[in-house]
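Here the structure is laid out as structure tokens; the discussion comes afterwards.
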Amino acid sequence: MSKRSAPASPVRAKDRFLVFGAPDIQEAEVREVVDSMTSGWLGTGPKVARFERDFAAYVGAQHAVALNSCTAALHLSLLAAGIGPGDEVITTALTFCATVNAVLHAGARPVLADVDPRTMNLDARDVARKITPRTRALLPVHFAGRPCDMDAIMGIATRHDLRVIEDCAHAIETEWRGRHVGTFGEYGCFSFYVTKNVATGEGGMVIARREEDAAQIKILGLHGMSKDAWKRFGDEGYKHYRVVAAGFKYNMMDLQAAIGLHQLVRVDAAWRRRREIWSRYEEAFAGLPVERPAPPDPETKHAFHLYTILVDEARAGVTRDAFLEAMTREGIGVGVHYASLPEHPYYREALGWSPEDTPEATRIGRRTVSLPISPKLGDDDVEDVIAAVRRSLGD
Ligand SMILES: Cc1ncc(COP(=O)(O)O)c(C=O)c1O
């Protein structure tokens, strides 16, 4: 293997930079958004209601409430579960800051467990070790679209009488033993952020087992106004509402649902394309000095949301950050999911977290790189990513 510094000309010219996680927006979404704009009903309305029904049917949930983000979904699920000051919620150290920020905004204390180095998901043995008399809930994150071991997590929850709220931001298509994730816990929280497998720009959804929980989340998501307050300016005439809680402004707009409705129609086709790209990467990177993601586990469906490789300087001959820079120079957008949470100054200072306490998450967070896996990528784009990875590793 010959080592090289910056190659003479990049794999892609600057004006063809391949943006990481670009959404695949098609004509149907464009027409639906235009329809909302010409109808004049931009805010929460009938398209949000349709998107909730379609999404609930897709994941096999009884109830779904659309919100403006997964962060909002997590926050309101925690509140609806009665989690608050004095309570501890156990989650993973390898997740986006939103997961623990939602716990903090509910007034509770997030407690980190380490991850299994193979699956990068919560290590159930460490979860069990982190339980104290104050533990009230578990908040598993189905990292990269791979389901957590829900038998182990639900077993712990049952034994210790804990609530379970699932962070399914990466996991719209994910199944554990034939059942969609998000339906194991009392609440499942999904994201439709731009890079997600169903994108609405910003957006989120909570699925809930009980109707009364979904109703409470709906109320809390729109200022705490009584049921169906979004209809107050509709063609049935003005409807009075009553404020029944100090709620939040977390509602989804019809403009967002207009995009989501059509993204959801294509979610399985997009998943098949993600799987194809994943397989091509697996084949192309087999001989390279990087750690590849573990294959999907039997009896599960992986959402293929992220394809992550680990770049270890000792093996690859290049640091992770030098690799990120080289990929950018080659015209390929890359991501880091994630630096483990204790690497961030706020959590170290406010909560006393230290990277040594969750060593596997720290090791992964310092080496990980996410490569583009959007269904928007053509075969040529995928080959460009592969060529750029090889060159960035000096291959
Ligand atoms: C694991 C995880 N949880 C929560 C969120 C928050 O989602 P949103 O941006 O929709 O609030 C994200 C977003 O990237 C995420 O990756």
Side-chain angles (χ1 to χ4, degrees), residues 19-23 48 51 55 64-79 89-106 110 112-113 115 119-122 137-148 153 164-174 181-182 185 187-207 217 221 248-253 256-257 259-260 263-264 302-308 333-341 343-344 347 358 361 364-365 368 370 372-374:
V19 175
F20 178 84
V48 168
F51 188 39
F55 192 82
V65 181
L67 297 167
N68 61 10
S69 70
C70 179
T71 310
L74 290 165
H75 183 199
L76 296 189
S77 297
L78 288 156
L79 294 183
V89 177
I90 301 177
T91 191
T92 163
L94 193 70
T95 183
F96 189 51
C97 55
T99 312
V100 291
N101 287 350
V103 176
L104 291 169
H105 293 316
L112 299 183
V115 296
T119 63
M120 303 189 184
N121 272 327
L122 268 181
L138 304 180
L139 209 175
V141 177
H142 305 287
F143 179 77
R146 180 190 304 275
C148 292
I153 287 175
V164 175
I165 294 154
E166 295 175 67
D167 182 334
C168 307
H170 299 181
I172 290 170
E173 307 93 325
T174 303
V181 298
Y187 305 92
C189 303
F190 295 81
S191 174
F192 308 124
Y193 176 64
V194 205
T195 57
K196 297 300 195 281
N197 291 16
V198 166
T200 62
E202 299 286 357
M205 188 82 73
V206 184
I207 57 171
I217 287 175
F248 301 85
K249 188 74 201 296
Y250 283 168
N251 53 307
M252 177 181 274
M253 299 168 74
Q256 294 164 303
I259 307 172
Q263 290 266 300
L264 192 58
H302 193 304
F304 303 120
H305 174 58
L306 298 174
Y307 182 90
T308 61
V334 279
V336 172
H337 301 89
Y338 299 93
S340 76
L341 290 170
E343 302 271 18
H344 298 289
Y347 305 118
T358 42
I364 293 165
T368 192
S370 302
I373 190 172
S374 155

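From a predicted model like this one, the values you see are computed outputs, not experimental measurements. Remember, it's 1-based here, ligands and their atoms both numbered in the order they're listed. Just so you know, residue 1 is the first one in the sequence shown, and it goes up from there.
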Do Ser370 and His337 pair up side chain to side chain, a donor and an acceptor below 3.5 Å, judged on atom types alone?
yes
Which residues share a ring-ring contact (aromatic ring centres under 6.0 Å, His included) with Phe190, sequence neighbours left out:
Phe55
Any sub-3.5 Å donor-acceptor pair from Thr99's side-chain atoms to Phe96's backbone N or O?
yes
For Glu202, give me all partners under salt bridge (Lys or Arg N to Asp or Glu O under 4.0 Å), at least two apart in sequence or on another chain.
none
Residues at least two apart in sequence or cross-chain that pass ring-ring contact (aromatic ring centres under 6.0 Å, His included) with His305, listed by chain then number, are His170
Ligand 1: protein N/O within less than 3.5 Å of ligand N/O:
unit_1, atom_1, unit_2, atom_2, d
ligand 1, 3 (N), Asp167, OD1, 3.3
ligand 1, 3 (N), Asp167, OD2, 2.7
ligand 1, 10 (O), Cys70, N, 2.9
ligand 1, 10 (O), Ser191, OG, 2.7
ligand 1, 11 (O), Cys70, N, 3.3
ligand 1, 11 (O), Thr71, N, 2.9
ligand 1, 11 (O), Thr71, OG1, 2.4
ligand 1, 14 (O), Lys196, NZ, 2.6
ligand 1, 16 (O), His170, NE2, 2.9
ligand 1, 16 (O), Tyr338, OH, 2.8

If you compare all heavy atoms of Val181 against all heavy atoms of His142, which two are closest, and at what distance to 0.1 Å?
CB-NE2, 3.5 Å
